[in-house]
Amino acid sequence: MNQAPEGLTYETKIFSFLIEMPEFEIKTISFAKDAVIVVQNANNPGLFFIIRSGRVRIDSEHMAVDHDLAYYNPGDSFGLVSAMTEHKYLVSLFADTDVELYQIPIQVLGSYLKQNKDLAMKILHLYSKELRALQRHLSNANKPADRDFHPEKLLYNAKTYLSWKKPNYAGYALKTYLDWGILQDISGEMEEAKALVKENNLKYVKPEWKNGKAVLRADEVLFIESENSDDIYIIIEGSVKLFSIVRGNEYVIDILTSGEIFGEMSLIDNAPRMASAVTDSDSLILKVSAENLFESVGDSLLQKIFESIARRIWFSHQRLVILKIKIPVIRLYAYLYNSIRNQDIRLRKRNDFNPDAEHVFTMTFEELCSLCAIYKIKRESVQDFFRDSNIVIGKGTITVKNRKRLEDRLGTYRTREGQIANILD
């Protein structure tokens, strides 16, 4: 696709793009001050929006304490999550001033952003910020209120990993801690870290990266919670698990598959990592910097990267809803139900389903409990789950035989087009 000639305005470049893609129509639409732009839970017909002028006010319970995400300004965008997941809008939006928007069909997003690197980076920054805010809310729901992330925590992390019998995690954390500590005045803690390395015979061998790519075996560390690093990763083949430490246990945030991006939150403020990333299977990983991200991928992979972020934002919203469920067994059912929809989104399936199709998840019951923030649960509290003939708990797998029967188990928590919602709320 030809680039618009240099010197053209932002608007002219957009409509030059339209001429080259006549099957899709990009429009400019206007809203007067205080007008409703989007209503929460309304359908998105597959459109993505960029703010040309004015300011848009965000109304969302999850953003209420995050003032940086109270408004969208010129160059900001919205509609990605609902368009790509075929679900309803997650927030309501209002025109805080007179507003003009570019309305773009989602089908051309990858191609369009490939031509507009600065805009693509701004959009990635915005959605990474939203995802970080959601993960912070998830953390607050599951961790002590004073929980924070900084390099000093790496020593504590290493001790926790040793208690999990994960010497490779501990070796990585301690090496990272010692490298950081050289520049700090923490001699006492440094000696403790060195002693742990020696006592446990810990070693860490860095992956061999060739042209930004590495072939990794399962359970290899890419980065650790609380370390300072700014690389961005894309999964070419395989899968990666994102997790954090919660009350001494592993809390799984997500399991990502081919075409998905992670580590992108380093784009925001160079803050320490909020989670750890390890390969969940043998994998081929691409490592890039923020500066060359968009030169390193093609249109289709760029489209998939934004689809990945959209899915993760949607799933994080759903996990916040699920964590409000007080009954542990219903929380387990709700997580599995949304995990099926999560699989559908990854495979780009529409939100219609065969209720008789089996769905297999590669996880143990303990891992499912971790995903639902359920710890040290008594078996009798979830005995209905174990007795359910629709659920098969195997060695490292959980199988749902029938999606409709799973939905029926949700009780007062019914579904709204693939999402969990409490009819009493």
Exercise for review: Apply side-chain contact (heavy atoms from CB on, under 4.5 Å) to Val240 and Val278, showing your working.
Suggested key: CA-CA 6 Å; Val240 169; Val278 301; over 6 Å; no
Nearest heavy atoms of [X] and [Y], plus distance in Å:
{"X": "Gly248", "Y": "Thr160", "result": "O-CG2, 4.0 Å"}
{"X": "Cys372", "Y": "Tyr335", "result": "SG-CB, 3.4 Å"}
{"X": "Asn228", "Y": "Pro151", "result": "ND2-CG, 3.3 Å"}
{"X": "Gly79", "Y": "Tyr127", "result": "N-OH, 3.6 Å"}
{"X": "Pro74", "Y": "Arg52", "result": "CB-O, 3.9 Å"}
{"X": "Ser226", "Y": "Pro272", "result": "O-CB, 3.5 Å"}

Practice item. Show your reasoning for whether side-chain contact (heavy atoms from CB on, under 4.5 Å) applies to Leu80 and Leu109. Key: CA-CA 9 Å; Leu80 178 72; Leu109 180 62; 3.5 Å; yes
Spatial distance of atom [atom1] ([X]) from atom [atom2] ([Y]) [nearest 0.5 Å]:
{"X": "Glu199", "Y": "Leu162", "atom1": "CD", "atom2": "CG", "value": "9.5 Å"}
{"X": "Leu47", "Y": "Phe78", "atom1": "CG", "atom2": "CZ", "value": "10.0 Å"}
{"X": "Asp118", "Y": "Ile123", "atom1": "CG", "atom2": "CD1", "value": "11.0 Å"}
{"X": "Ile309", "Y": "Glu130", "atom1": "CD1", "atom2": "CD", "value": "10.5 Å"}
{"X": "Ser316", "Y": "Leu134", "atom1": "OG", "atom2": "CG", "value": "5.5 Å"}
{"X": "Glu264", "Y": "His125", "atom1": "CD", "atom2": "NE2", "value": "11.5 Å"}

Quick one: does [X]'s side chain have a donor or acceptor within less than 3.5 Å of a partner on [Y]'s backbone?
{"X": "Asn200", "Y": "Val197", "value": "no"}
{"X": "Asn157", "Y": "Glu225", "value": "yes"}
{"X": "Thr364", "Y": "Glu367", "value": "yes"}
{"X": "Gln115", "Y": "Tyr112", "value": "no"}
{"X": "Arg273", "Y": "Gly263", "value": "yes"}
{"X": "Arg57", "Y": "Asp96", "value": "no"}
{"X": "Gln303", "Y": "Ile106", "value": "yes"}
{"X": "Asn43", "Y": "Pro45", "value": "no"}
{"X": "Trp180", "Y": "Glu152", "value": "no"}
{"X": "Ser111", "Y": "Val108", "value": "no"}

Less than 4.5 Å apart, any side-chain heavy atom of [X] and any of [Y]?
{"X": "Ser276", "Y": "Ser244", "answer": "no"}
{"X": "Phe262", "Y": "Ile234", "answer": "no"}
{"X": "Leu371", "Y": "Arg319", "answer": "yes"}
{"X": "Asp219", "Y": "Lys166", "answer": "yes"}
{"X": "Ile325", "Y": "Tyr413", "answer": "yes"}
{"X": "Met190", "Y": "Ile182", "answer": "yes"}
{"X": "Glu358", "Y": "Val400", "answer": "no"}
{"X": "Phe49", "Y": "Ile104", "answer": "no"}

Please tell me whether [X] and [Y] have a donor and an acceptor in their side chains that are separated by less than 3.5 angstrom.
{"X": "Asn292", "Y": "Ser289", "result": "yes"}
{"X": "Ser239", "Y": "Ser281", "result": "yes"}
{"X": "Asp59", "Y": "Ser92", "result": "no"}
{"X": "Tyr172", "Y": "Glu227", "result": "yes"}
{"X": "Arg217", "Y": "Thr279", "result": "no"}

Indicate yes or no: does [X] engage [Y] in a salt bridge with an N to O separation below 4.0 Å.
{"X": "Lys304", "Y": "Glu307", "value": "no"}
{"X": "Asp344", "Y": "Arg403", "value": "yes"}
{"X": "Lys404", "Y": "Asp408", "value": "yes"}
{"X": "Arg311", "Y": "Glu260", "value": "yes"}

Exercise for review: Might you work through the side-chain contact (heavy atoms from CB on, under 4.5 Å) test for Leu124 and Phe306, ending with a clear yes or no?
Suggested key: CA-CA 8 Å; Leu124 182 59; Phe306 280 92; 4.3 Å; yes
Check your understanding: With sequence neighbours left out, what residues match Lys213 under side-chain hydrogen bond (donor to acceptor under 3.5 Å, both in side chains)?
Key -> none
Exercise for review: Please say which of Tyr204, Tyr161, Phe223 ends up in a ring pair (Phe, Tyr, Trp, His ring centres under 6.0 Å) with Tyr169.
Suggested key: Tyr161
Point to revise | Row check, Tyr156 ring normal vs Lys159 NZ/CZ: under 6.0 Å, within 45° | key: no
Review point. Hey, does the Lys NZ or Arg CZ of Arg55 hover above the aromatic six-ring of Tyr72, less than 6.0 Å from the centre and inside 45° of the axis?
Key: no
**Study point:** Option among Ile255, Leu256, Leu242 that satisfies the side-chain contact (heavy atoms from CB on, under 4.5 Å) test with Asp280
**Key:** Ile255
**Study point:** Partner of Val215 under side-chain contact (heavy atoms from CB on, under 4.5 Å), chosen from Ile236, Leu284, Ile285, Asp282
**Key:** Leu284
Exercise for review: Take atom CD of Glu208 as the centre, draw a 6.0 Å sphere, and report whether it contains more than 12 heavy atoms from other residues, nucleotides or ligands.
Suggested key: no
Side-chain donor/acceptor pairs under 3.5 Å, residues 385-393, sequence neighbours excluded:
{"residue": "Arg387", "atom": "NH2", "partner": "Gln383", "partner atom": "OE1", "Å": "3.1"}
{"residue": "Asp388", "atom": "OD1", "partner": "Asn390", "partner atom": "N", "Å": "2.8"}
{"residue": "Asp388", "atom": "OD2", "partner": "Tyr333", "partner atom": "OH", "Å": "2.7"}
{"residue": "Asp388", "atom": "OD2", "partner": "Arg409", "partner atom": "NE", "Å": "3.3"}
{"residue": "Ser389", "atom": "OG", "partner": "Arg405", "partner atom": "NH2", "Å": "2.9"}
{"residue": "Asn390", "atom": "OD1", "partner": "Lys401", "partner atom": "N", "Å": "3.4"}
{"residue": "Asn390", "atom": "OD1", "partner": "Asn402", "partner atom": "N", "Å": "2.8"}
{"residue": "Asn390", "atom": "ND2", "partner": "Asn402", "partner atom": "O", "Å": "3.0"}

Check your understanding: Could you go step by step and tell me if Asn338 and Trp314 meet the side-chain contact (heavy atoms from CB on, under 4.5 Å) rule?
Key -> CA-CA 10 Å; Asn338 273 129; Trp314 170 80; 3.6 Å; yes
